[in-house]
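Only heavy atoms go into these numbers, but all of them, side chains included; no hydrogens, no water, no symmetry mates.
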Amino acid sequence: QYALVEASKPVVSHDEQFNLNLNFPKELQSRERERVGSEAQVQGLIAHFRPELMGANPKAGEGAPMVGPDGVVEVGNGRSIAMRRIYQDYPELADQYKDFLKENAESFGVDPELVGKLKQPMLVKVRRSDVDRQALVHELNEPGQQEQSAGERAQGDLRHLDVEKMALFDPESELDASGNRAFTRSFLQNLSHGELNAMIQADGSLSSAGVKRISSAMVLKAFSSPR
């Protein structure tokens, strides 16, 4: 379902200067958007801005940002930040976007008059379904959107290392040894097909990249666990 909201209304992970928004749920977005790459991504969105690219699209990673029922941006923080910057610093682009919204409002299922009533209207996809929000957001933000750093991926992988899974780990065996097969399988079963291709070898055993990724998550868990 689509909706028109003030661009400042959705709860975004970072502000326009990439300062962390403390009101944003940390578990929903592990991307370190203060890094230079994220600044370049937003600037690229503005430099090549086309209103229709912020319109209707069935893919969560494209088109209007996706928000939850509470207004938290689940996918599209970079796009949301770009729209806020456009309204602040690029009035011509903002006018193009508003014209696009007026012309296409009915196709989005929203009231065209609302475009004129809002100061900085922005189109969003609103998720209405009842789902495991954290799992959904991490799945939709997997590679294919913006490449994650090793630290970001390890942070996201912590959700695969709960008490039940850690009980399967044998500290006396190497991570890729038969003694830890049940443990590594429990970790891998949560990953997408695209990720698995890099994590396992042709014979089904753990690859060097797989060992490195799981090890990184385990080290982070050890340092982040309560003492």
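- In this structure, CE on M166 lies 9.5 Å from CG on L168, to the nearest 0.5 angstrom.
- Residues meeting the side chain to side chain contact (heavy atoms under 4.5 Å, CB included) test with S129, sequence neighbours left out: R127, V131.
- Rounded to the nearest 0.5 angstrom, L93 CG and R85 CZ are separated by 13.5 Å.
- In the hydrophobic clustering of ILVMFWY residues, with side-chain heavy atoms under 4.5 Å counting as a link, V126 and V73 come out together.
- Between the CZ atom of R159 and the CG atom of D132 there is a distance of 9.5 Å, given to the nearest 0.5 Å.
- By the 6.0 Å contact criterion, CG on D130 is open, its count of non-hydrogen atoms from other residues, nucleotides or ligands being 12 or less.
- Using a 4.5 Å heavy-atom cutoff, the side chains of L188 and L206 are in contact.
- Considering R79, E6, M83 as possible partners of M122, the one that fulfils the side chain to side chain contact (heavy atoms under 4.5 Å, CB included) test is M83.
- Taking each heavy atom of L123 and L101 in turn, the nearest pair found is CB-CD2, 4.0 Å.
- Summarising the geometry, atom CD1 belonging to I86 is positioned 7.0 Å from atom CE belonging to M54; distances are rounded to the nearest 0.5 Å.
- With sequence neighbours excluded, the residues that form a side chain to side chain contact (heavy atoms under 4.5 Å, CB included) with R185 are R181.
- The aromatic rings of F108 and Y2 sit tilted relative to each other, their planes meeting at an angle between 30° and 60°.
- By the 4.5 Å heavy-atom criterion applied to side chains, F169 and N180 are counted as neighbours.
- Between D111 atom CG and L4 atom CG the span is 8.5 Å, to the nearest 0.5 Å.
- E52 contributes atom CD, which lies 9.0 Å from atom CG of N104 (distance to the nearest 0.5 angstrom).
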